[in-house]
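Report on the structure given below.
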2 protein chains.
Amino acid sequence: MSPLILPPQATQVGLAVDVAAFAMHAGELQVLLIRRGELPHAQTWALPGGFVQPGEELHEAALRELRTETSVSLEPRHLEQFFTFGEVGRDPRGRIVSVAHLAVLPHGTVQARAGGHTVGAEWLAAHTPPALAFDHQAILDRAIKRLQLRLEYANLALEFLPDTFTLPELQTVYEAIGHRELDKRNFRKRILAAGILTPCGERRSGVGRPAQLYRRAKGTRTAAL
Amino acid sequence: MSPLILPPQATQVGLAVDVAAFAMHAGELQVLLIRRGELPHAQTWALPGGFVQPGEELHEAALRELRTETSVSLEPRHLEQFFTFGEVGRDPRGRIVSVAHLAVLPHGTVQARAGGHTVGAEWLAAHTPPALAFDHQAILDRAIKRLQLRLEYANLALEFLPDTFTLPELQTVYEAIGHRELDKRNFRKRILAAGILTPCGERRSGVGRPAQLYRRAKGTRTAAL
DNA sequence: CCAAAAGTGTTGTAACTACACCCATGT
DNA sequence: ACATGGGTGTAGTTACAACACTTTTGG
């Protein structure tokens with residue numbers, strides 16, 4: 001198949017990715033936000049993102065933005081495209097289409113970056129974020145919905161935790177993402193019945209009864225759609 | 001916010017939409033395919049689609065392609081973006097990103113179009129399609145999965161049928177999309193218990209006992225995600 | 001012995017599965 | 001009368017929600 005010229009009516013647009021990266025901290029679902037260093041919307045909070053480079057795959061671009069624009073030191077545990085935002089007026093610079101991605105990072109260090117694009121990066125409460133640039137509030141809303149779907153559907157909750165964890169910890173992940181409280185006994189029954197966890201030792205964490213530690217059972221990888 | 005120039009590293013790409021349009025016919029789930037009239041992949045079956053025009057919204061482009069490239073005479077009952085395919089090598093003409101859409105049309109007339117882009121359009125079996133151009137087989141696979149999800153999640157099945165229909169007809173929609181047989185009694189219980197149908201007269205269709213007709217109950221619009 | 005956190009069982013209800021026969025019509 | 005398609009009920013099982021007390025540790 002020989003390369004051809006694109007037909008004249010083919011619209012040339014800017015192709016971008018934005019990433020809603022989530023993590024748990026202190027029992028709260030947090031999202032990684034940056035403070036923009038450039039116009040438009042300079043000084044405003046926004047999701048990390050930027051333009052896809054020539055020859056770069058969409059998921060590679062999402063990874064790169066996550067790393068360079070925010071100096072995230074960890075590999076995401078989950079990365080998934082979830083919606084494409086292409087409304088004509090969404091960016092004042094012109095027609096820019098953004099393929100939005102959902103990422104899960106185990107809560108780790110983020111260095112603020114004082115470069116041209118970004119003047120800082122922070123984990124902030126995902127359910128009550130500050131005012132966001134462009135249509136990023138809509139992107140975040142949709143990302144949270146998708147995350148809630150995935151939580152039940154795949155076993156994505158484990159990606160928020162270290163290798164070994166206790167059931168109460170896992171429960172707070174479900175509660176923070178679902179944004180509602182769960183019954184301890186029913187939660188345990190449900191999770192243990194699913195058979196995706198194997199016990200491994202216990203943890204003595206100061207005061208209170210020690211908790212059973214669990215790890216993901218062998219052969220139970222997260223099943224993305 | 002004043003309009004700015006795009007940064008130099010912004011990738012200019014071709015922006016396209018493709019549409020997987022489904023309908024029921026003779027108890028079979030069918031998808032609308034066209035035969036390409038142009039290179040690349042001339043004479044090959046493909047999903048209807050094409051480039052987004054300047055100032056045109058994504059869903060508008062999907063509608064336009066559905067109408068002009070295939071001369072579909074009906075409004076789609078459902079139209080939803082479901083995934084964006086942007087792999088670097090997916091189109092030999094260059095970097096072309098396609099926002100794939102899922103549509104449901106009540107089975108209606110389609111005129112073949114002998115123009116530049118298309119030399120024909122037909123409804124073909126969705127589960128056993130012919131060889132398709134580009135990565136359209138992957139797009140179709142994903143569209144069917146999404147359709148199956150939506151079937152349970154929203155009440156999308158009604159969109160495949162005319163205003164009034166019988167329960168056996170509705171059951172064949174579920175069976176064709178889910179690609180498996182269902183128990184008649186359980187199906188009826190489930191659907192009637194959901195309370196989304198109201199009876200309205202009966203239908204005498206030749207031989208056999210007349211069937212109860214139903215229509216969608218007032219105030220039960222399809223809830224898309 | 002008190003505070004703090006982990007752990008545990010029962011009961012009711014709703015939803016789903018499997019399964020086989022009778023009913024109304026046209027020819 | 002028979003062929004064709006439409007319609008019906010029961011019993012077993014499973015999944016989920018509601019609910020309060022006991023156990024183990026550190027101070």
Side-chain angles (χ1 to χ4, degrees), chain A residues 24-28 148-149 151-155 157-158 161-162 164-215 220 223, chain B residues 24-28 148-149 151-155 157-158 161-162 164-215 220 223:
Chain A
M24 289 291 303
H25 189 61
E28 184 184 65
Q148 288 171 342
L149 267 187
L151 188 60
E152 310 285 333
Y153 213 73
N155 42 348
L158 302 191
L161 295 171
T164 66
F165 50 88
T166 68
L167 282 187
E169 285 169 352
L170 184 60
Q171 185 172 348
T172 62
V173 174
Y174 275 81
E175 290 178 331
I177 296 177
H179 216 212
R180 68 201 173 105
E181 301 203 332
L182 297 174
D183 180 88
K184 200 180 6 167
R185 289 162 289 190
N186 293 337
F187 179 78
R188 293 172 158 261
K189 266 180 296 185
R190 201 155 60 84
I191 297 293
L192 293 177
I196 55 174
L197 302 184
T198 48
C200 56
E202 37 176 61
R203 172 192 299 166
R204 207 169 322 274
S205 62
V207 59
R209 178 172 173 173
Q212 179 65 245
L213 280 177
Y214 292 89
R215 59 161 23 95
T220 58
Chain B
M24 289 292 303
H25 189 61
E28 185 183 64
Q148 289 171 341
L149 268 187
L151 189 59
E152 311 284 334
Y153 213 73
N155 42 348
L158 302 191
L161 295 172
T164 68
F165 51 88
T166 69
L167 282 187
E169 286 168 351
L170 184 59
Q171 186 173 347
T172 63
V173 174
Y174 274 81
E175 289 179 331
I177 297 177
H179 216 210
R180 68 199 173 107
E181 301 201 333
L182 298 174
D183 180 88
K184 198 177 12 166
R185 289 162 290 188
N186 294 338
F187 178 77
R188 294 173 155 262
K189 264 180 297 185
R190 202 156 59 82
I191 297 294
L192 292 177
I196 56 174
L197 302 184
T198 47
C200 56
E202 37 177 60
R203 172 192 299 165
R204 208 170 320 275
S205 62
V207 58
R209 177 172 172 174
Q212 178 66 245
L213 280 177
Y214 292 89
R215 60 162 21 97
T220 59

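Protein chains get the first letters and strands the later ones, always in sequence-line order, with residue 1 at the start of each. Since we're looking at a predicted model, the values are computed, not measured.
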Considering only heavy atoms and no angle criterion, is a donor-acceptor pair shorter than 3.5 Å present between the side chain of B:Lys189 and the base of D:dT8? no

With a 4.0 Å cut-off, would you call B:Glu169 and B:Arg203 a salt bridge? yes

Between B:Arg188 and D:dG7, does any side-chain N or O lie under 4.0 Å from OP1 or OP2? yes

Minimum-distance nucleotide to B:Arg209 side chain [options: C:dG7, D:dC19, D:dG5]: D:dG5

Please report, rounded to the nearest Å, how far the P atom of D:dA17 is from the OH atom of A:Tyr174. 13 Å

Hey, mind stepping through B:Leu182 and B:Glu175 against side chain to side chain contact (heavy atoms under 4.5 Å, CB included) and telling me if it holds? CA-CA 7 Å; B:Leu182 298 174; B:Glu175 289 179 331; 3.9 Å; yes

CG of A:Leu192 versus C1' of C:dA6: gap in Å, rounded? 13 Å

Can you name the closest pair of heavy atoms from B:Glu28 and B:Ala176 and give their distance? C-CB, 4.2 Å

Quick check on the 6.0 Å ring-centre criterion: do A:Phe187 and A:Tyr174 meet it? yes

Does B:Arg185 put a side-chain nitrogen or oxygen below 4.0 Å from OP1 or OP2 of C:dC19? no

In whole Å, what is the span from the CZ atom of B:Arg180 to the P atom of C:dC16? 12 Å

Is any side-chain N or O of B:Arg204 under 3.5 Å from a base N or O of C:dT25, one able to act as donor and the other as acceptor? no

Once you round it to whole Å, what is the distance between P of C:dT13 and CG of A:Asn186? 16 Å

A:Phe187 CZ to D:dA15 P, straight-line distance once rounded to whole Å: 17 Å

Rounded to whole Å, how long is the line connecting atom CG of A:Leu213 with atom P of D:dT24? 18 Å

Nearest-nucleotide pick for B:Val207, side chain only, options being D:dG6, C:dG26, D:dT24: C:dG26

Checking contacts here: which listed nucleotide (C:dA24, D:dG6, D:dC19) is nearest the side-chain heavy atoms of B:Lys184? D:dG6

Mind checking whether B:Phe165 and B:Leu213 have side chains closer than 4.5 Å, heavy atoms only? no

Rounded interatomic separation in angstrom, taking CG from A:Asp183 and C1' from D:dA15: 15 Å

CD of A:Gln212 versus C1' of D:dT23: gap in Å, rounded? 15 Å

